[in-house]
Amino acid sequence: MSTDYQSLAVKGVQALSPYQPGKPIDELARELGLNPDSIIKLASNENPLGPSPKALAAVKEVLDELCRYPDGNGFDLKQALSARYGVQPSQITLGNGSNDVLEVIARCFADQNSEVVFSQYAFAVYPLVTQAIGATGVSVPARDYGHDLNAMAEAVTSRTKLVFVANPNNPTGTVHGAGAIEAFLDRIPEHVLVVLDEAYCEYLQGEGYVDGLSLLGRYPNLIVTRTFSKAWGLASLRAGYSVSSPEIANVLNRVRQPFNVDTLALAAATAVLGDEQYLQRARQVNTEGMKQLETAFNEMGLNYIPSAGNFIAVDVGERAADINQLLLEQGVIVRPIAGYGMPAHLRVSIGLPEENDRFIESLARALDTLSAAQCGEEA
């Protein structure tokens, strides 16, 4: 083959590396010869409860329709979102997960002459989509592993078209309250769009947290993105959405692929919005599991970043990659985040109580193994 096809790709794409998802259970089983049933996965911030019974029932009801294209407008899901959150269907843009919507937003509003602002240690998709469209990414140094909103506002220039803010942030779990988000939005010019990524917002409880949807009437340049992959337990089906002004949604829906959310996902997402019991149970399991891991880290003397999501980043030291490998050998999958510039941290999703116990025990063994090896080297 004489043609270098990589060189034919647009400049931004040439320099990209593929997004690395959490390692699947079956892949680890093949690599290490483990029984898949013995492996636990705490790497991708999935809901450990499994899908909602209402979602499962809804999927079964539409299986006979697999020969048909899905509803390209997502009428029923938009109606359900409208009823739950008090927004108009004309404000909603549906996506194949919220990642899809994030990419559509970037493609619609930024180009090679644009700058896109995001935080250090923020979701990897922001720089990926920015680079893919040829825009200039402006990564603002984090503050205590979270967004420095003041610095991000100051980074906005005449070339800035988009600002991405994850609240809570992935992979650090940091979060800003209503006052901080509103003060930030007050500083952003109206012609600069702010994308408030609320993929983990359903885990926020108590006073002081911001509901981005409540701010849309005051900030016409705001786009709020959410997903059904986390608290709603539908990661495999890929359903997400954004809510914005009807004018912005009209632009996004011109670029959005017409059948980007399939029939199964539409049915399951519509049904799960009515399963309040499932959501409350997911929150309870997450709250209790977070305390379980925090207590264990404190007892082990490990520093961690307090998290408002369904995951927690723990500092296991400079040999984090070795510890991750030892965990894999024990059938425990977590997420190394060296790719985020955090080589000493591992991100651990909150699992069921027994899964959390398994991780804690495996981590303790891994730390002991490395400590014994280091002592042997020093001797």
Side-chain angles (χ1 to χ4, degrees), residues 21-22 24-26 36-37 39-89 91-101 198-205 213 225-243 256-289 309-310 349-355:
I25 288 175
D26 288 345
D37 293 336
I39 297 172
I40 62 168
K41 183 184 177 188
L42 301 176
S44 299
N45 305 341
E46 297 150 335
N47 190 325
L49 293 178
S52 155
K54 290 187 177 181
L56 286 176
V59 166
K60 291 177 182 178
E61 287 183 4
V62 296
L63 287 176
D64 289 342
E65 298 299 316
L66 294 186
C67 59
R68 308 290 184 188
Y69 283 107
D71 175 4
N73 190 46
F75 178 83
D76 289 340
L77 179 53
K78 286 184 178 180
Q79 291 296 317
L81 289 167
S82 176
R84 182 177 179 90
Y85 297 117
V87 298
Q88 296 301 313
Q91 296 178 260
I92 300 169
T93 303
L94 299 180
N96 188 243
S98 58
N99 282 14
D100 182 33
V101 182
E198 294 189 331
Y200 299 91
C201 68
E202 285 85 7
Y203 290 107
L204 298 179
Q205 300 182 72
L213 300 182
T225 62
R226 293 183 176 181
T227 184
F228 287 92
S229 297
K230 308 305 180 184
W232 294 113
L234 298 178
S236 182
L237 287 179
R238 314 306 302 126
Y241 60 98
S242 69
V243 185
R256 177 189 68 85
Q257 294 297 307
F259 304 115
N260 60 342
V261 186
D262 66 53
T263 297
L264 304 184
L266 288 171
T270 302
V272 80
L273 280 174
D275 196 344
E276 194 65 29
Q277 183 178 2
Y278 176 82
L279 179 60
Q280 293 304 323
R281 178 60 179 152
R283 287 171 170 165
Q284 179 185 359
V285 167
N286 192 65
T287 299
E288 294 172 355
N310 66 335
S349 304
I350 306 301
L352 298 173
E354 59 272 22
E355 293 175 323

Can you give me the closest heavy-atom contact between [X] and [Y], atom names plus distance?
X	Y	value
Leu273	Ala80	CD1-CB, 3.8 Å
Thr93	Arg256	CG2-CD, 3.8 Å
Val272	Ala55	CB-CB, 4.4 Å
Gly95	Val261	O-CG2, 3.2 Å
Thr227	Lys230	CG2-CG, 3.9 Å
Asp262	Leu237	OD2-O, 4.2 Å

Has [X] got a side-chain atom pairing as donor or acceptor with [Y]'s backbone, closer than 3.5 angstrom?
X	Y	answer
Ser242	Thr225	no
Asn96	Asn260	yes
Glu355	Leu352	yes
Thr287	Arg283	yes

**4.5 Å side-chain heavy-atom contact, Glu288 and Pro353** = no
**Asked** Is the shortest heavy-atom distance from the side chain of Thr263 to the side chain of Arg68 under 4.5 Å?
**Response** no
Could you tell me the separation between the [atom1] atom of [X] and the [atom2] atom of [Y], rounded to the nearest 0.5 Å?
X	Y	atom1	atom2	value
Leu81	Asp76	CG	CG	11.0 Å
Leu77	Tyr241	CG	OH	8.5 Å
Leu56	Leu264	CG	CG	11.5 Å
Asn310	Asn45	CG	CG	5.0 Å
Tyr85	Gln91	OH	CD	14.0 Å
Asn47	Phe228	CG	CZ	13.5 Å

Heavy-atom neighbours of [X] [atom1] exceed 12 at 6.0 Å:
X	atom1	result
Phe259	CZ	yes
Gln284	CD	yes
Gln257	CD	no

**Prompt:** So, Asp275 and Ser52: side-chain donor and acceptor under 3.5 Å apart, yes or no?
**Reply:** yes
**Flag for Ser229-Arg238: side-chain donor and acceptor within less than 3.5 Å** = yes
**Asked** When Glu276 is tested against each of Lys54, Arg84, Arg281 for salt bridge (Lys or Arg N to Asp or Glu O under 4.0 Å), which residue passes?
**Response** Arg84
**Message:** Before you tell me yes or no, could you show the steps for Leu94 and Leu266 under side chain to side chain contact (heavy atoms under 4.5 Å, CB included), namely the whole-Å CA-CA distance, both residues' side-chain angles and the distance that decides it to 0.1 Å?
**Reply:** CA-CA 10 Å; Leu94 299 180; Leu266 288 171; 4.1 Å; yes
**Message:** What verdict does the side chain to side chain contact (heavy atoms under 4.5 Å, CB included) test give for Cys201 and Arg226, after you've listed the backbone C-alpha separation in whole Å, the side-chain angles of each residue and the deciding distance to 0.1 Å?
**Reply:** CA-CA 8 Å; Cys201 68; Arg226 293 183 176 181; 3.4 Å; yes
